[in-house]
S.K.: 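Right, I'll just put the structure down here and ask away after.
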Amino acid sequence: MTKSVVTRFAPSPTGYLHIGGARTALFNWAYARAKGGKFLLRIEDTDRERSTQGAIDAILSGLNWLGLEPDEAPLFQSKQQARHVEVAEQLLASGHAYRSYADDSEVEAIRQKARADGVAARYPGRDEPIAEQFIEQSVVRFKAPIDGETVIDDEVQGQVSIRNDQLDDLVLLRSDGTPTYMLAVVVDDHDMGITHVIRGDDHLTNAAKQIQIYQALSWDVPVFAHIPLIHGADGAKLSKRHGALGVEAYQAMGYLTEALRNYLARLGWSHGDEEIISTEQLIEWFDIQGINKSPARFDMAKLDHVNGHYIRESEPAVVISEVKSLLEMCEDELNLPFKAEQIDYKKLQASFPFLKERAKTLIELLETAAYLFAERPVALSEKAETILSGDGAGEILGAVVERLSGLDQWEKDNIEQGLKAFSVEKELKFGKIAPLLRCSLTGSTVSPGIYDILLSLGRDESLSRIQDQLSR
RNA sequence: GCCCCCUUCGUCUAGUGGUUAGGACGCAAGAUUUUCAUUCUUGAAACAGGAGUUCGAUUCUCCUAGGGGGUGCCA
């Protein structure tokens, strides 16, 4: 019987949850779910100076928004300090670690020399105890093996061997007695019962060092899977310009969590030719075998496409409530042509079926819905102005209002038939009529279909808006 | 410098010792059409380069180039 899977996401709280971290979390989450295991969260705050509460909150809310809830309360690495020290002492006692002291210039010289020799650095204290007077200010270093090699059996990268003379004697305990990352991950992963470590491949070399620590402790080594990093659109490392934003930035840009999740899952992982993958399918299909070895670039255009798909496929009520929380979260930054308080959500939802066809993001949805909440008289765009001042525009519009107001019922079929009949009677191509209506009703030359607009605005508002233009 | 990893259309990817190298985004053209979009159809577009193994390599091996990571009392 095999152990049940336990994965973890272990961010260091020095910034927001960026897109690469989000994908790592997603993979860990998906793998645990796929295998019926557990997904845990550990906050790696051993660097007390750079860790902030704000970052912790951002990570938590980011995960929450993505729906990647850990199965247990998050573990804070800083709270495990006593245990880390205990293990370091155990290593010291078993001869797998040593106390070392050297001032900055000595350390620098040692490194220079090691570098020139093409081998990893070893430090004073490794072979002989250091002088008593330095114990107080010493660090505890791992006594890494020199001969042989360390092999990482990576589920993604394959078998990777690194000669032991390339792996240096890393610090386990700082001179102030606090544990370093390298010690803490090993101890915590072990203590938390982590079976699978899925993380960015910037940790690949670290894995070798960690394996040495596991071995020194006679602990089982977890399964490693080092996934390639995400790059920006230009192939360079992710920067703010192209994607290294916090996940909440994507929320603010109007992306749906299902869409971002789908896109992220598909970035570096695949299941045949599948593109649109629901959460259920992801859980059913996800496996480390499907993860790619090469780095992927972040492509906003594709994210847009996926998002547009989810907007069209989702339940209206669901999307509308997303819009609502988006506005509550950051209306000020959105730069909309109207105020959130002007929104009539009932109207918005009723119009959703035709609004969704032209929206790739929630922001675009709101933008095309703007005409619904515009105040009379509707402001005209430059192009709309031109069209409404064209030859015979007023005349046609006048006749149209008359016809429309004579309609006994304000329903789609009615309106359509009325307008078509009008077009035939007046011997006017529909292309002569529709633009005038569109401009006077929305102030723009781009909008949803004319019948949809008329219907969604309602009889009174529609007629009034046209009148506004006639009496200009 | 040294060590490690990566390389299929512009991008995300499927795939195999013999395929017309497939899909998706994007792009182009067309259809639908009252604009924009949606939708549909069609098209252009890739195995980084060089050796080797082999009857045959995109696929296996090596080298080179390019990209990335590590080399911290950061994680």
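Order of the sequence lines sets the chain letters (A, B, ...), proteins ahead of strands, with each chain counted from 1. These numbers were taken from a predicted model, which means no experiment stands behind them.
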S.K.: Select base, sugar-phosphate, or nothing to describe what Lys209(A) touches, counting heavy atoms under 4.0 Å on all strands.
M.R.: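 Sugar-phosphate, backbone atoms only, no base.
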S.K.: If the C1' atom of rA75(B) is compared with that of rG69(B), how far apart are they to the nearest Å?
M.R.: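 Per the computed distance, 14 Å lies between those C1' atoms.
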S.K.: Gln137(A) or Ala116(A): which one's nearest nucleotide on RNA chain B is closer to the 5' end?
M.R.: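 Here Ala116(A) is the residue nearer the 5' end.
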S.K.: Give me the distance, rounded to whole Å, that separates rA48(B) from rU58(B) when you measure between the C1' atoms they each carry.
M.R.: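 It comes out at 12 Å once rounded to the nearest Å.
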S.K.: Would you say Arg438(A) and Ser447(A) are linked by a side-chain donor-acceptor pair, where the criterion is simply a distance under 3.5 Å?
M.R.: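 Judged by distance alone, the side chains do pair up.
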S.K.: Determine, for Tyr101(A) and Arg99(A), whether the Lys NZ or Arg CZ falls below 6.0 Å from the six-membered ring centre while staying within 45 degrees of the axis.
M.R.: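 No; the conditions do not both hold, so Arg99(A) does not lie above the ring face of Tyr101(A).
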S.K.: Please measure how far the P atom in rU38(B) lies from the corresponding atom in rU71(B), and state the result in whole Å.
M.R.: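 Rounded to whole Å, the distance is 46 Å.
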S.K.: Please identify which of these residues, Arg141(A), Lys143(A), Arg111(A), Arg122(A), meets the salt bridge (charged side-chain N to carboxylate O under 4.0 Å, His left out) condition with Asp169(A).
M.R.: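 Single pass found, and it is Arg122(A).
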S.K.: Salt bridge check: are Arg266(A) and Glu275(A) linked by an N-O gap of less than 4.0 Å?
M.R.: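 Salt bridge between Arg266(A) and Glu275(A), a charged N being under 4.0 Å from a carboxylate O: yes.
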S.K.: Rounded off to whole Å, could you give me the CG-to-C1' distance for the Leu173(A) and rC73(B) pair?
M.R.: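 So the two atoms are 10 Å apart, to the nearest Å.
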S.K.: Verify the contact: side-chain N or O of Arg111(A) to OP1 or OP2 of rC73(B), cut-off strictly under 4.0 Å; return yes or no.
M.R.: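 For Arg111(A), the contact criterion (side-chain N or O under 4.0 Å from OP1 or OP2 of rC73(B)) is met.
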S.K.: Going 5' to 3' along nucleotides 28-33 of chain B, which nucleotides have protein heavy atoms under 4.0 Å from the base (write B), which only from the sugar-phosphate (write S), and which from neither (write -)?
M.R.: ------
S.K.: Which nucleotide, in any strand shown, forms a Watson-Crick or G-U wobble pair with rG52(B), with both distances under 3.5 Å?
M.R.: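 Base-paired to rC60(B).
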S.K.: Write down the distance separating the P atoms in rA21(B) and rA57(B), rounded off to the nearest Å.
M.R.: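 Each nucleotide's P atom is 15 Å from the other's.
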S.K.: Do Tyr123(A) and Ile110(A) touch side chain to side chain, with heavy atoms closer than 4.5 Å?
M.R.: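 Sidechains of Ile110(A) and Tyr123(A): in contact.
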S.K.: So does Asn206(A) reach the base of rA75(B) with its side chain, donor to acceptor, closer than 3.5 Å?
M.R.: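 By the distance-only test, yes, there is a pair.
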S.K.: Figure out the OH/P separation between Tyr16(A) and rA75(B), and round it to whole Å.
M.R.: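 So the OH-P distance, Tyr16(A) to rA75(B), works out to 20 Å.
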S.K.: When you check every protein heavy atom under 4.0 Å of nucleotides 5-14 of chain B, what one-letter string (B, S, -) results, 5' to 3'?
M.R.: SSS---SBSS
S.K.: How many angstroms lie between CG in Leu183(A) and OG1 in Thr46(A), if you round to the nearest 0.5 Å?
M.R.: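 The OG1 atom of Thr46(A) is 10.0 Å from CG of Leu183(A), to the nearest 0.5 Å.
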S.K.: Taking a pair as Watson-Crick or G-U wobble with both distances under 3.5 Å, which nucleotide is matched to rU38(B)?
M.R.: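 None - no nucleotide pairs with rU38(B), as no candidate has both distances under 3.5 Å.
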S.K.: Provide the full list of side-chain hydrogen bond (donor to acceptor under 3.5 Å, both in side chains) pairs with a residue in residues 384-401 of chain A, sequence neighbours left out, each pair given once.
M.R.: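 Found Glu385(A)-Arg472(A).
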S.K.: How is His226(A) classified with respect to the nucleic acid when contacts are heavy atoms under 4.0 Å: base, sugar-phosphate, or nothing?
M.R.: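 It contacts nothing in the nucleic acid.
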S.K.: Is the shortest side-chain N to carboxylate O distance from Glu86(A) to Arg83(A) below 4.0 Å?
M.R.: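 Here Glu86(A) pairs with Arg83(A) in a salt bridge, since their nearest N and O are under 4.0 Å apart.
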S.K.: What's the gap between rA44(B) and rC27(B) when it is taken at their C1' atoms, as a whole Å value?
M.R.: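 Looking at atom C1' only, rA44(B) and rC27(B) are 9 Å apart.
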S.K.: Considering only atom C1', compute the distance from rA24(B) to rC9(B) and round it to an integer number of Å.
M.R.: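 Here rA24(B) and rC9(B) have their C1' atoms 12 Å from each other.
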S.K.: Find the distance Gln112(A):CD to rG72(B):C1' and express it as a whole number of Å.
M.R.: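 So the two atoms are 14 Å apart, to the nearest Å.
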S.K.: Reckon Asp304(A) touches a base, only the sugar-phosphate, or nothing at all at heavy-atom distances under 4.0 Å?
M.R.: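 Nothing, no nucleic acid heavy atom in range.
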S.K.: Rounded to the Å, how far apart are His84(A) NE2 and rA75(B) C1'?
M.R.: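 In whole Å, rA75(B) C1' lies 13 Å from His84(A) NE2.
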S.K.: Test: ring pair (Phe, Tyr, Trp, His ring centres under 6.0 Å). Region: residues 159-179 of chain A. Which pairs qualify, not counting sequence neighbours?
M.R.: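 As it turns out, there is no ring pair (Phe, Tyr, Trp, His ring centres under 6.0 Å) pair with a partner in residues 159-179 of chain A once direct neighbours are skipped.
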S.K.: Do any pairs count as a ring pair (Phe, Tyr, Trp, His ring centres under 6.0 Å) and have a residue in residues 140-175 of chain A, sequence neighbours left out, and if so which ones?
M.R.: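 Every candidate ring pair (Phe, Tyr, Trp, His ring centres under 6.0 Å) pair involving residues 140-175 of chain A fails, so no pair, neighbours aside, qualifies.
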S.K.: Both distances below 3.5 Å, Watson-Crick or wobble geometry, any strand: find the nucleotide opposite rC9(B).
M.R.: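 WC or wobble partner does not exist here.
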S.K.: Nucleotide by nucleotide, 5' to 3', does protein get under 4.0 Å of the base (B), only the sugar-phosphate (S), or neither (-) in nucleotides 35-42 of chain B, counting heavy atoms?
M.R.: BBSSS---
S.K.: How many Å lie between CD on Glu274(A) and P on rG15(B), as a whole number?
M.R.: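 Those two atoms, CD and P, are 13 Å apart.
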S.K.: Looking at rG69(B), rC73(B), rG26(B), which one has an atom nearest to any side-chain atom of Asp202(A)?
M.R.: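 Ranking rG69(B), rC73(B), rG26(B) by closest atom to the Asp202(A) side chain puts rG69(B) first.
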S.K.: Could you give the NE2-to-P distance, from His203(A) to rG68(B), as a whole number of Å?
M.R.: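 Whole-Å distance recorded here is 18 Å.
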S.K.: Please pick, from rG69(B), rG26(B), rG72(B), the nucleotide with the shortest atom-to-atom distance to any side-chain atom of Ala301(A).
M.R.: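 The nucleotide sitting nearest to the side chain is rG26(B).
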S.K.: Using a heavy-atom cut-off of 4.0 Å across all strands, would you classify Tyr451(A) as base, sugar-phosphate, or nothing?
M.R.: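 Base contact.
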S.K.: Should Arg141(A) be listed as having a side-chain N or O under 4.0 Å from OP1 or OP2 of rC73(B)?
M.R.: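 Yes, such a contact exists.
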S.K.: In whole angstrom, what separates His231(A)'s NE2 from rG66(B)'s P?
M.R.: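 It works out to 17 Å between those atoms.
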S.K.: Are any non-hydrogen side-chain atoms of Ile146(A) and Arg126(A) less than 4.5 angstrom apart?
M.R.: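 With C-beta onward as the side chain, the pair touches.
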S.K.: Are any of the side-chain nitrogens in Arg8(A) or Asp188(A) under 4.0 Å away from the carboxylate oxygens of its partner?
M.R.: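 Here Arg8(A) does not pair with Asp188(A) in a salt bridge, since their nearest N and O are not under 4.0 Å apart.
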S.K.: Could you work out the separation of rU7(B) and rA37(B) based on their C1' atoms and round it to a whole Å?
M.R.: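 Going atom to atom, C1' in each nucleotide, I get 38 Å.
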S.K.: Please determine, for rC27(B), whether a Watson-Crick or G-U wobble partner exists with both distances under 3.5 Å, and give it or none.
M.R.: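 Across any shown strand, rC27(B) pairs with rG43(B).
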S.K.: Mind checking the C1' distance from rU41(B) to rU32(B)? Whole angstroms is fine.
M.R.: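 rU41(B) and rU32(B) have their C1' atoms separated by 11 Å.
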S.K.: I'd like to know whether Asn164(A) forms a side chain to side chain donor-acceptor pair (under 3.5 Å) with Thr150(A), so could you lay out the CA-CA distance, the side-chain angles of the two residues, the decisive distance to 0.1 Å, and finally the verdict.
M.R.: CA-CA 6 Å; Asn164(A) 287 153; Thr150(A) 297; 2.5 Å; yes
S.K.: Taking the six-membered ring for Trp, are Tyr31(A) and Phe286(A) parallel (under 30°), tilted (30 to 60°) or perpendicular (over 60°)?
M.R.: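 The arrangement is perpendicular - the two ring planes meet at more than 60°.
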S.K.: In whole Å, I'd like the distance from the CG atom of Leu260(A) to the P atom of rC25(B).
M.R.: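 The answer, rounded to whole Å, is 18 Å.
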